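Only one structure is covered here, and it is reproduced in the block below.
Everything numeric in this text was worked out from a predicted model, so none of it was measured. We number each residue from 1, following the sequence as shown. Ligands are counted one by one from 1 in listed order, and the atoms in each one are counted from 1 as well.
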Amino acid sequence: MRRLPPVLLEDGCPRDLISLIRTVLAACKEISFRVGQGALSGALGSTLDENIQGETQKKLDVLTNQLLKDILLESGYVKAIASEEEDYTVAGNPDANYIVAFDPLDGSSNTDINSLVGTIFSIMKAPEGSDPADQSIFMQPGKNQVAAGYVLYGPSTVLALTTGKGTRFFTLDKTHGTFLLTEDFAKVPEDTNEYAINASNQRHWQPAMQNYINDLIAGETGPRARNFNMRWIAAMVGDVHRVLCRGGIFTYPTDTKDPNKPNKLRLLYEANPMAMLIEQAGGIASTGTERIMDIQPDAIHQRVAVILGSKNEVETCLNYHK
Ligand code: AHG
Ligand code: MN
Ligand code: MN
């Protein structure tokens, strides 16, 4: 099986970008070990703190953030980082070419129940001559990403990665500490009978999503004339991985549950990297009204509605929004 660096070199991926991706993965290997230690790590449970988004931080949110931040900033390959767990961006090497946005531990409510969690990352070029302390260097649409991926810490540790030449899976060989190519060119099936949504929010959704989900639930007796199945992992990384493996539609739509927070998922380090992975595998990623990767961000922790997955099913859902 092939290791990651030669696979990326063959694609013509620049060497400094490969080095940066390997730096992210060095942190993820350490996270994989810590997460795998479970209760033995002494790091399960919550801290007494909240992040800037008002969410209680898990001990592992803080620990994984610190690991990624330290390794990335020490490497010299990044001009600045943005993280779910950092209030503001953090400046790095002024001479570096890249910026990285990450969700150090996605699905962290799952840590205490030994269920799926992962790390999501997005890499873009830093504008030439830009100031590493300038937050606005991150205000670029997702289509500018030069690489995006996640590492899923499940029964096996799997990396999904794209540098714009398709989406690939690598599996961590824990005996040697190397990511080995286990699927070249993942392809999201165009059709599906599986959907993922937190159905407890149903009464708060907008009419378009209410109508779409009602028609799925109606199954073979409804307008879709076939039955659908539902899955919800409460970690986007787990749900998106399933969609990449066997198709499906995943959505976290706009809702009116909390008027101050109409959307849940964050654009820079959740929606954008997942959108690139899905599009590179032949799927669609939209807010309901526009392509996710076309959005011009105006804040680091900006949130967006997300509808992504199998091409034909996402298109059907988008038709309800017209
Ligand atoms: P995080 O743990 O990084 O805050 O992200 C959790 C996100 C996402 O991964 C998941 O799809 C969603 O929140 C789950 O939301 P519910 O708690 O509403 O199910
Ligand atoms: Mn997350
Ligand atoms: Mn997180």
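- Salt bridge status for R231 with D239: absent, with no side-chain N to carboxylate O gap under 4.0 Å.
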Candidate pair N65 and S83, rule side-chain hydrogen bond (donor to acceptor under 3.5 Å, both in side chains), full reasoning: CA-CA 7 Å; N65 179 59; S83 163; 2.6 Å; yes
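- Annotation for ligand 1: atoms under 4.0 Å from non-hydrogen atoms of M236 are 8 (C), 9 (O), 10 (C), 11 (O).
- Under 4.0 Å from ligand 1, the heavy atoms of L265 that appear belong solely to its side chain.
- Annotation for D131: atom CG counts as buried by contact number, over 12 foreign heavy atoms lying within 6.0 Å.
- Within the 4.0 Å heavy-atom criterion, the part of R266 lying near ligand 1 is the side chain and not the backbone.
- Between F169 and H241, the two ring planes are tilted [angle within 30° to 60°].
- Using a 4.0 Å cut-off between heavy atoms, S108 contacts ligand 1 through both its backbone and its side chain.
- Under 3.5 Å, the side chains of Q66 and D70 contain a donor-acceptor pair of N or O atoms.
- Looking from atom 18 (O) of ligand 1 to the surrounding protein, the closest heavy atom is Y252 OH, 2.5 Å.
- The N/O atoms of A234, backbone and side chain alike, include none that comes under 3.5 Å of an N/O atom in ligand 1.
- Per-residue contacts place E270 under 4.0 angstrom from the following atoms of ligand 1 (heavy atoms of the residue considered): 3 (O), 5 (O).
- In summary, the aromatic rings of W232 and F250 are positioned with their centroids under 6.0 Å apart.
- The closest protein non-hydrogen atom to atom 2 (O) of ligand 1 is G107 N, 2.8 Å.
- Enclosure of atom OH in Y320 by more than 12 non-hydrogen atoms of other residues, nucleotides or ligands within 6.0 angstrom is indicated.
- The protein heavy-atom contact nearest to atom 5 (O) of ligand 1 is D106 OD1, 3.1 Å.
- Under 4.0 Å from ligand 1, the heavy atoms of N198 that appear belong solely to its side chain.
- In this structure, atom 13 (O) of ligand 1 lies nearest to the protein heavy atom K264 CE, 3.2 Å.
- Salt-bridge formation is detected for the pair E194/R246: a Lys NZ or Arg NE/NH1/NH2 atom is positioned less than 4.0 Å from an Asp or Glu carboxylate oxygen.
- In terms of protein heavy-atom proximity, atom 19 (O) of ligand 1 is closest to W232 NE1, 2.9 Å.
- Heavy-atom proximity to D103, at under 4.0 Å, picks out these atoms of ligand 1: 3 (O).
- Members clustered with F185: none, using a 4.5 Å side-chain heavy-atom cutoff among hydrophobic residues.
- Within the structure, the closest approach of L105 to ligand 1 falls below 4.0 Å when heavy atoms are considered.
- Side chain of S136 to main chain of M139: no donor-acceptor pair is present (N/O by atom type, distance under 3.5 Å, no hydrogens or angles).
- Ion pairing between K261 and D258 fails under the 4.0 Å rule for side-chain N and carboxylate O.
- Ion pairing between a basic and an acidic side chain is recognised when a charged N comes within 4.0 Å of a carboxylate O; E55 and K264 show no such pairing.
- Near-neighbour remark for the Mn ion (ligand 2): protein N, O or S atoms under 2.8 Å are D103 OD2, D106 OD1, E270 OE2; waters not counted.
- Note on D191 versus R226: no salt bridge recorded, every NZ/NE/NH1/NH2 to OD/OE distance being 4.0 Å or above.
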